[in-house]
Amino acid sequence: MSLPQTTLVIPTLGRPSLVVLLRALADQTVPLRSPVVLVDDRPSGTDLAEVLDHELGHDHGLELLVLRAGGGGPARARNLGWRHARTTWVSFLDDDVVPPDSWYADLAADLGAAELAAAAGSVGRVHVPLPPDRAPTDWERGTAGLETARWITADLTYRRSALSAVGGFDERFPRAFREDADLALRLGAERGRVVDGARRVTHPVRPAGDWASLRQQAGNADDFLMRALHGRHWHRRAQAPVGRRARNAAITALGLVALGAECARRRPLAVGAAAAWAAGSLELAWARIAPGPRDRAEVRRMLLTSIAIPPAATFHSLRGLVRHRGARPWRGLPDLVLLDRDGTLVEDVPYNGDPTLVRPMPGAAEALSRVRALGVRTALVTNQSGIASGRISRAQADAVNARVEELLGPFDAIYLCPHAAADGCDCRKPEPGMVKQACLDLGVDAARTVLIGDIGSDVAAAEAAGAVGILVPTGATLGAEVAAAGLVEPSVDGAVDRILAGAW
Ligand SMILES: [Mg+2]
Ligand SMILES: [Zn+2]
């Protein structure tokens with residue numbers, strides 16, 4: 001059996017179930033040889049790595065990397081995780097699933113099959129254990145829906161290049177709802193690009209408070225983002241049930257009419273509307289009580305929440321309708337940011353061969369750190385025609401690059417063109433050679449690559465390679481170059497802001 005070339009990415013809120021999951025991963029029949037990236041999505045709290053060291057002991061044998069997303073939801077947390085992965089595949093697991101001890105071996109078989117099918121992803125099966133001695137509650141039935149839901153990320157592996165090509169999960173989905181179906185649709189799941197695997201995990205029902213079903217109504221807002229992105233028939237495409245939005249809106253409207261009529265002292269109308277409102281709310285309650293255990297606590301819970309759900313659902317629907325109207329397709333981050341050296345990252349000292357003269361541009365170091373912290377790779381692309389003209393030696397140019405790396409690194413790669421314009425090489429910018437080579441070496445699609453530079457030939461090199469150029473002009477940049485550039489920012493920091501905002 002060949003081991004799966006994958007990285008496990010687990011977004012977590014630090015729930016106790018995480019330790020159960022990690023113990024199960026440490027106890028596989030075929031020992032886990034894949035890196036495990038835990039993305040801590042708690043806004044604050046103790047260092048998860050320390051907690052795990054204490055809980056798991058030191059000899060668990062897992063290759064753990066803990067990253068901090070600090071809130072923002074599972075979409076953002078998973079993006080942070082997969083961008084740090086350097087494997088062909090990325091396997092997402094939720095922090096509340098329990099894999100059997102054959103899971104890793106089964107994953108290997110599933111990925112082998114996905115490879116043969118040239119699939120973008122492989123989805124595992126989810127089993128939700130329900131109480132054997134009574135009917136499941138509303139909450140338990142909701143969790144059990146994971147068994148039949150399509151493309152949920154509880155146990156889902158995607159090709160890293162596929163994630164990169166679409167910018168990963170859409171971070172405008174703030175909770176664990178619809179972000180998985182949205183990504184699957186963008187990756188062509190409808191066309192069979194995501195295949196069903198044979199591996200399975202158990203997903204126990206989490207304890208929940210009495211008002212959990214009410215809180216879930218926030219998801220109605222996310223449905224309107226789905227609609228904006230995937231059209232009116234998104235439910236059918238995502239194989240998601242339509243739900244009760246229209247009925248909830250009608251019940252809410254009846255309630256409002258009853259209140260209004262009462263205020264206007266139109267008693268018969270108020271009574272009629274109130275009766276219709278009550279009938280609608282009771283029908284909802286009964287629809288939720290009937291399939292359940294019908295014990296006192298559940299009946300009480302269903303009656304109370306069924307009164308509150310229609311207005312809450314309607315409120316969140318309206319909120320989503322307003323917020324997501326005309327939403328643009330998700331862009332996400334590039335996979336690689338290339339940077340010109342002289343005049344962009346460091347002050348331009350013409351034909352500099354002296355490392356002691358290297359002065360970073362203001363804010364450049366911080367801007368690079370921000371990009372790297374998100375798992376985006378960085379590389380240097382610099383023209384050094386001084387080598388061809390004999391003004392500096394190759395060794396001097398390399399020494400200057402080494403100093404730049406010391407001050408602003410680490411870079412994933414450094415590319416240098418030693419030729420003069422007259423040499424007719426294909427690496428000297430505005431030729432695209434160095435950009436293409438960087439994409440090839442780092443396994444990145446040029447379309448997911450940005451080059452930041454201070455003159456027109458930087459932008460031209462990017463565009464000739466199929467990448468995106470951002471111009472950061474200095475006093476030496478020609479007005480015509482600024483006018484010709486599509487994207488212009490006042491500083492490298494500003495260029496990074498633009499990139500992180502997905503506006504590249
Ligand atoms: Mg330059
Ligand atoms: Zn060259």
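Numbering of ligands and ligand atoms starts at 1, following listing order.
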* Can you name the N/O/S atom of Asp454 that is nearest the Mg ion (ligand 1)? -> OD1
* Asked: Going by an N to O cut-off under 4.0 Å, is there a salt bridge joining Asp335 and Arg160?
  -> yes
* Structure fact -> Among the N/O/S atoms of Asp340, the Mg ion (ligand 1) lies closest to OD2
* Asked: In terms of side-chain heavy atoms, does Asp182 have a donor or acceptor partner in Trp234 at a distance below 3.5 Å?
  -> no
* Salt-bridged, Asp94 to Arg78, with N to O below 4.0 Å? -> yes
* **Proximal heteroatom of Asp342 relative to the Mg ion (ligand 1) (N/O/S)** => O
* State whether Trp504 and Arg331 meet the cation-pi test: NZ (Lys) or CZ (Arg) under 6.0 Å from the six-membered ring centroid, and within 45° of the perpendicular axis. => yes
* Asked: Do Glu405 and Asn401 have a side chain donor and acceptor closer than 3.5 Å?
  -> no
* Asked: Which N/O/S atom belongs to His419 and is the closest one to the Zn ion (ligand 2)?
  -> ND1
* Structure fact -> Vertex the Zn ion (ligand 2), ends Cys425/SG and Cys417/SG: angle to nearest 10° comes to 110°
